[in-house]
Amino acid sequence: MKHATKLLIFILLVASLVLTSCAQPTPAPEQPAAEQPAAEEPAAEEPAAETGECKDEDRVQINWSTIAGFYTDAMESIIADFEATHCIDVNIIGIDNAQLYDKQVIELVGQTGAYDVVNIEAMEKAEFAENGFLLAMDDYLKENPEVDYEDIAPIMRKLTTEYKGQIWGLPYYTYTAGYFGRCDLFEDPTEQEAFKAKYGYDLAVPTTWEEHRDVAEFFTRKTGDMLKGVALTKDFYGVGLMAGRFQEIQDELSAFIWAYGGQWLKDDGTLDVENTTKALKWYVEELLPFAPPAALTVTYDGVMNQMKDGQIAQTAGFFLDQWPNAAMTDELVPGARMCPQEAPEKRGYVGAFLAAVSSSSKHPKEAMDWVAYLGGKEAQRNFSMQGGSTTRLSILNDPAMATEEQWPKTGHFATLVEVFESQSDLEENLFFTPYGGKIYNTLGPMLQAAAAGEKTPEQAVLDLAAEIEKICGGPCPINK
Amino acid sequence: MASTSMSTPQDTRSVPKKQGRAMSDAWFSVLLILPAMIIIAFFALYPLFYAIYVSFQLADLTAGGIKGFVGLDNYRTVLFDKFFWESVRTTLFFTFFAVSIEVVLGTFVAFLINGATVAKGLIRSLLILPLATAPAVTGLFWRYLYDTQFGLYNYFLGLLGLPQPNWLGDIKVALWAVIMFDVWLWMPFVALIVMAGLQALPKEPFEAAELDGAPYFRVLRKLTFPMLKPVLFLVIILRTIDALRLYDAVAVLTRGGPGSTTETMTYYLYRQGLVFFRMDYASTMALLFLYAVVVASLFALRPLLNMFGGRATAK
């Protein structure tokens, strides 16, 4: 009897363990398609069809991993339009920007097929293409000339889609940098007079980094000081910087390095120590003292909050796609008038999010259809009307985008066109090394050590050079 | 004779019957733990041995995965990596101060609550609240509390006319800000454990001390703390092991910054493994970390085990 009881307990224990394990079939939320291959397989062979011919059960589901937030919220109507004309369901897998690279790489390395279309930063393009994570779209674009690839700004084509002579996707959203400043401050007579008296030249939107620094210094004031003839109720700062431990500090520094005629990576595949040190010293010694203390913990959204809170006079090189956000300052800060401009020296960070087809996609044809639609004129126009930033010149130059009603959404389009033109001769090897993604993720933390005062700019850059060499296993290969 | 006649049936009963196919207690014990052991082997031992294997390979996930045997190269790289050692220093600093403050403060709170006459249950329930939420979630709240522009801490400090530090952006303050968060999160755990220990202490020695008129601090020094020692020791070990693994608070509050002042070992390991996908370095670091924790735990646990062993023998 005693042994029978023991056996019974044992059997119950095993049975409960088995049942427990059976009761946990919850799939990862971001991989629904990977868990449901049966429903998709038959449709994979069928071409996309007009919606009238398409039954629900025939629809092919494709998964698009992309940044959660505005970028995806604005996509709802675009996806609805696409699905109305294609026998395809687009499933957005929204991922926080900070996690996007990691999650995508894990799925792509594992060839899981969880993501049919991925969203990559311009710096990551070469890495993804070189490692076989993406499918080239050259043939597709040749067969579908209506996509009009040539309509995309040439510098965007060169930096964000092309690698080793092939096209790896289409840009659907550009974060190319310009400059935002409080034009109401620049136009105020009392400020103009005081500025001229102090610096010996007229106050205006800065066109050089030296002028930018002077403006930053001039407008940095304490509570109780006067600004535009009114006493300040809180401290006011000359510049908002993205000096937190994020990648965006690298985007800001790119503007200086490129203005000096340098590149992050020299042609020999090593870090341009001289220009990087010069840029970092300028940033730390000449600009950071005029930024709010919170600069050391924020990225672009923090800078926009400072602007809308009436704390800063201008940005450094800053993402023009944030215009709809910046434009709110006009309403939120009494008397404020924002204006978008090119960055000083006409150099600012350039890039775009690229929609590209995963090589492990189970539905590559349908995935390319979606990428072509997303990066195509119709979707880009719709996206732009909602506040998205396109790389398509036909839309950027469209008079319908320059109306007064559209100003809060597309007021930066004219500046974008100027930036694309000014930067058409830009060369940067970092966009063409297969280690671009890893280097991009390294730059932020290493450079921020100097901004935070943990290291000198010289030491931080030397550490960075050593780290890049470690990542690449020597000089980084560059493949254009 | 009487005793002899009594002993015979007793002896007969005490001898267990030999049953040929019956399961022995030893085998039954093995069978009971077998399912758990299989799970542990699959989810803990297999990854451990795989990590050992990977630590001797060149394993860059984004460049083709495991590419070949490299001997001790990864160990050499990690041991000469100054950022790794910086992260070790940060981890030890954090662990020492966070655990010390938690234990001192937690013990103090436990004594206060133990001596309370009203609302003891309510206070206990309130103490559990920080533990009831994931650190990643509470960390987000704390990030806003620490905000230099809109945070409540600086708001109140400003009202009092005190300096308003850049909690998460100043290299001299950031790690202390993480320690403060950890103390808020885990001090109640220490308090609850110590309080349970206090309530389990026998009353007789304290009654005797009271009758003898022993002063309060002498009772604390000679009776309470010596008797509470195993509990305190256990809580220190548990908190130390947990503090050494600190990741979530750093990930949410500072992302290792400013600079690398709050980059702990586990956060650095995460960056190597899941940002740079260098599984070889990450595995090597994880093994070194595991080795250090196991050795430290064995040294720390030995006195505790001896203590409990001594008690069992005495009983």
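Taking every heavy atom of both residues into account, A:Arg245 and B:Gly256 meet most closely at NH1-CA, 3.5 Å. Summarising the geometry of B:Arg271 relative to A:Pro445, their closest heavy-atom pair is NH1-CG, 3.7 Å, with the distance given to 0.1 Å. Residues A:Ala452 and B:Gly259 share a closest heavy-atom pair of CB-N, 3.8 Å.
Judged by distance alone, the side chains of B:Ser260 and A:Glu454 do bring a donor and an acceptor atom under 3.5 Å apart.
When atom types are taken as modelled, the side chain of B:Gln149 and the backbone of A:Gln306 share no donor-acceptor pair closer than 3.5 angstrom. At distances below 3.5 Å, not a single donor-acceptor pair connects side-chain atoms of A:Asn441 with backbone N or O atoms of B:Val275.
Remark: A:Lys455 engages A:Asp463 in a salt bridge (charged side-chain N to carboxylate O under 4.0 Å, His left out) (not counting sequence neighbours).
Of the two parts of A:Glu127, only the side chain, counted from C-beta on, holds a non-hydrogen atom closer than 4.5 Å to a non-hydrogen atom of chain B. Neither the backbone nor the side chain of B:Tyr146 comes within contact range of chain A, judged by heavy atoms closer than 4.5 Å. Residue contact with chain A, scored on non-hydrogen atoms closer than 4.5 Å, is absent for B:Lys172.
Crowding of B:Phe69 atom CZ: a count of heavy atoms from other residues, nucleotides or ligands under 6.0 Å exceeding 12. Atom NZ of A:Lys222 sits in a sparse spot, with 12 or fewer heavy atoms from other residues, nucleotides or ligands closer than 6.0 Å. Residue B:Trp184 places its CH2 atom among more than 12 non-hydrogen atoms of other residues, nucleotides or ligands, all under 6.0 Å distant. Heavy-atom contacts from other residues, nucleotides or ligands closer than 6.0 Å to NZ of A:Lys234 number more than 12.
Ranked by non-hydrogen atom pairs under 4.5 Å with chain A, the options B:Thr62, B:Leu61, B:Leu168 are led by B:Thr62. Taking B:Ile171, B:Thr148, B:Thr77 one by one and counting their heavy-atom pairs under 4.5 Å with chain A, the maximum is reached by B:Ile171. Contact count against chain A (heavy-atom pairs under 4.5 Å) is highest for B:Asp60 among B:Asp60, B:Asp170, B:Asp147.
In this structure, the side chains of A:Val109 and B:Phe277 stay at 4.5 Å or more apart for every pair of heavy atoms. Within the 4.5 Å cutoff, side-chain heavy atoms of B:Phe276 are placed close to those of A:Thr442.
Residues of residues 150-162 of chain B having a heavy atom under 4.5 Å from any heavy atom of chain A, listed by number: B:Phe150.
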